Amino acid sequence: MKQSWWALPESLETTMTSSKKRPTKPKIARERLKWVWPRTGGEWIPYHRITWTDAAGKRKERAIKLNWCGDAKTLDDEYWAAESGRHHKQVKEAKHTWATCIMEWRADARIQKKLAEGTKKSYNREFEKILEKNADKSMSATTRQAIRKKHIAMAETPRAADWMLQSVSILWNFAKDQLDWPLGDNPTARVEKYGTQKEFRTWPDWMLDALDDAPQVVRIACGLILGTGQRPSAAIAMPRIAFHGEWVTVIDEKGDSSFPIYCPESLRSLIDGLESGSRHVLPKSDTSPLSYSSVEKAFRAWRENLDELGAVHDDNARHYSLHGLRKRACVELAEAGCSDAQIQSVTGQSPETVAKYRKEANRRKMSRAAQMKRSS
């Protein structure tokens, strides 16, 4: 009779014989633990066994060999894994995983040809977040309830929450329509996005002054953003090697390019005062930088302690984000009399964005001059 993949070489009810003298059977006992002496001798082998009678009255059994290597602790782990259905011989390999879908999406020449480099980089950044915890999970196991719960949990970062929805939706539609995977309805359907957010507010002077007492990671991150005019994520990931004398190499994430800019003295002093040894200005380890999310979390925690100071200035610190420092850098450059081309040489922003920030800077300068004339 042909044996099933899970059956023992011989029935567990059959006594196996050997010409060699058997050692004493291990005294470890469990409800569904069966010790078997192999026909060829050697050593006792433990199996996790369950038995039942099918509808036709036929007795059946299913057994899993436990690789215990003579160690009681290993045997215990193997046994309870089999009891709970988590043993590697019980777990079926997931099909249609997120990792496979993302790999296929990245390899699809039709899609990649249509997307700008900056757009692909933005998508891939979101896909890496999906892979971090869901790479080997089947896409079909993702529910709308789970997506909605995740979206709500990210309410404090609405743009990131909506990006998560969009990324899941893109991959789901690709897998279903282009790869012909047997997936159900898109789990992001009818999950309402937070939508367009208010513009980033330019940081006021009182918040800049408060940075002197901020945690080091917040103070350094803010110094990098303000000093270079970069996007927060790019500034936070800066390597130490980017700083060389009076110059610093910055990265234009959207344009996927890098270029040197003059490094202001305040930022040089900040960098020179840091301990050496790590590869990055804000290190997570010797070889990798802190993530944007971890720094942003520390920033929000610091910002929540500024309520009293904000009330003194008739303001609220929660209105300001890390990106508002990039805007502050642009406004400061405009107020200093820099031309649009000069501002772009630092921040790498579009002419339209520079013009918008210049308008705000001009309004500030003109209102200051007007109010001073009124009081003179």
Side-chain angles (χ1 to χ4, degrees), residues 1-104 106-107 127-143 145-146 149-150 171 175 179 181-184 284-288 291:
M1 180 182 294
K2 186 177 180 181
Q3 295 178 329
S4 301
W5 66 269
W6 43 260
L8 290 172
E10 298 288 343
S11 171
L12 288 175
E13 301 303 321
T14 301
T15 303
M16 301 180 183
T17 60
S18 172
S19 59
K20 298 181 180 179
K21 185 178 179 180
R22 299 182 187 181
T24 303
K25 183 169 66 173
K27 295 182 179 181
I28 303 174
R30 296 283 186 276
E31 182 182 358
R32 279 177 279 274
L33 178 64
K34 183 71 176 180
W35 292 96
V36 175
W37 178 257
R39 179 179 298 172
T40 56
E43 60 182 15
W44 290 92
I45 299 175
Y47 286 86
H48 177 273
R49 182 191 69 165
I50 60 173
T51 61
W52 71 97
T53 302
D54 65 12
K58 185 176 181 181
R59 182 178 177 278
K60 292 191 174 183
E61 67 179 36
R62 179 181 296 134
I64 297 175
K65 182 179 178 180
L66 306 179
N67 297 317
W68 74 309
C69 303
D71 180 68
K73 175 64 169 59
T74 302
L75 175 61
D76 209 43
D77 292 342
E78 286 266 301
Y79 176 84
W80 290 110
E83 276 285 281
S84 61
R86 294 181 293 103
H87 195 278
H88 68 89
K89 291 184 179 180
Q90 295 169 304
V91 178
K92 293 182 179 180
E93 185 176 351
K95 294 183 178 180
H96 306 138
T97 64
W98 287 100
T100 303
C101 178
I102 290 173
M103 181 183 67
E104 294 287 349
R106 288 170 172 169
F127 293 165
E128 287 300 323
K129 295 177 184 178
I130 294 175
L131 290 173
E132 187 176 347
K133 293 184 179 181
N134 301 282
D136 297 328
K137 294 181 180 179
S138 174
M139 291 181 68
S140 60
T142 303
T143 65
Q145 290 76 14
K149 183 178 180 180
K150 177 67 173 177
L171 292 174
L179 302 180
W181 286 5
L183 301 178
K284 177 181 179 181
S285 65
D286 290 341
T287 57
S288 62
S291 65

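All values below come from the heavy atoms of this structure, side chains included, with hydrogens, waters and symmetry mates left out. For clarity, every value in this text was computed on a predicted model and none was experimentally measured.
Qualifying side-chain contact (heavy atoms from CB on, under 4.5 Å) partners for Gln145, counting only residues two or more places apart in sequence or in other chains: Thr143, Arg148. For Asp54, the side-chain contact (heavy atoms from CB on, under 4.5 Å) partners two or more places apart in sequence, or in a different chain, are Ala56, Lys58, Lys60. For Ser285, the side-chain contact (heavy atoms from CB on, under 4.5 Å) partners two or more places apart in sequence, or in a different chain, are Thr287, Ser288. Residues meeting the side-chain contact (heavy atoms from CB on, under 4.5 Å) test with Lys25, sequence neighbours left out: Trp35, Trp44.
For the atom pair CH2 of Trp68 and OH of Tyr79, the computed distance is 15.0 Å after rounding to the nearest 0.5 Å. Here the CD atom belonging to Glu128 is positioned 7.0 Å from the CD1 atom belonging to Ile102, to the nearest 0.5 angstrom. From Trp181, atom CH2 reaches atom CG of Leu179 across 5.5 Å, with rounding to the nearest 0.5 Å. With values rounded to the nearest 0.5 angstrom, Ile50 atom CD1 is found 5.0 Å from Arg62 atom CZ. With rounding to the nearest 0.5 angstrom, the OG1 atom of Thr51 is 10.5 Å from the NZ atom of Lys34. One finds the CD1 atom of Ile28 at 5.0 Å from the CG atom of Leu75 (value rounded to the nearest 0.5 Å).
Here the side chain of Glu104 pairs no donor or acceptor atom with the backbone of Cys101 at under 3.5 angstrom.
The nearest pair of heavy atoms linking Ile64 to Gln90 is CD1-CG, 3.3 Å. The two atoms that bring Trp80 and Arg86 nearest to each other are O-NH2, 4.0 Å, heavy atoms only. Taking both residues in full, the closest heavy atoms of Pro46 and Leu33 are given as CB-CD1, 3.8 Å, listed atom of the first, atom of the second, then distance. Closest approach of His96 to Pro182, counting heavy atoms only: CE1-CD, 3.3 Å. In plain terms, the two heavy atoms of Met139 and Thr97 that are nearest each other are CG-C, 3.9 Å. Between Lys95 and Ser138, the shortest heavy-atom distance links the atoms O-OG, 3.2 Å.
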Please set out all donor-acceptor pairs under 3.5 angstrom arising from side-chain atoms of residues 129-137, sequence neighbours excluded.
residue, atom, partner, partner atom, Å
Lys129, NZ, Glu126, OE2, 3.4
Asn134, ND2, Ile130, O, 3.3

Exercise for review: List the steps, then state whether side-chain contact (heavy atoms from CB on, under 4.5 Å) holds for Val36 with Tyr47.
Suggested key: CA-CA 8 Å; Val36 175; Tyr47 286 86; 3.8 Å; yes

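Under the salt bridge (Lys or Arg N to Asp or Glu O under 4.0 Å) criterion, the residue pairs touching residues 72-85 are Arg30-Asp76, Arg32-Glu83, Lys73-Asp77, with sequence neighbours excluded.
Taking 4.5 Å as the limit, some side-chain heavy atom of Lys89 sits within range of a side-chain heavy atom of Lys65.
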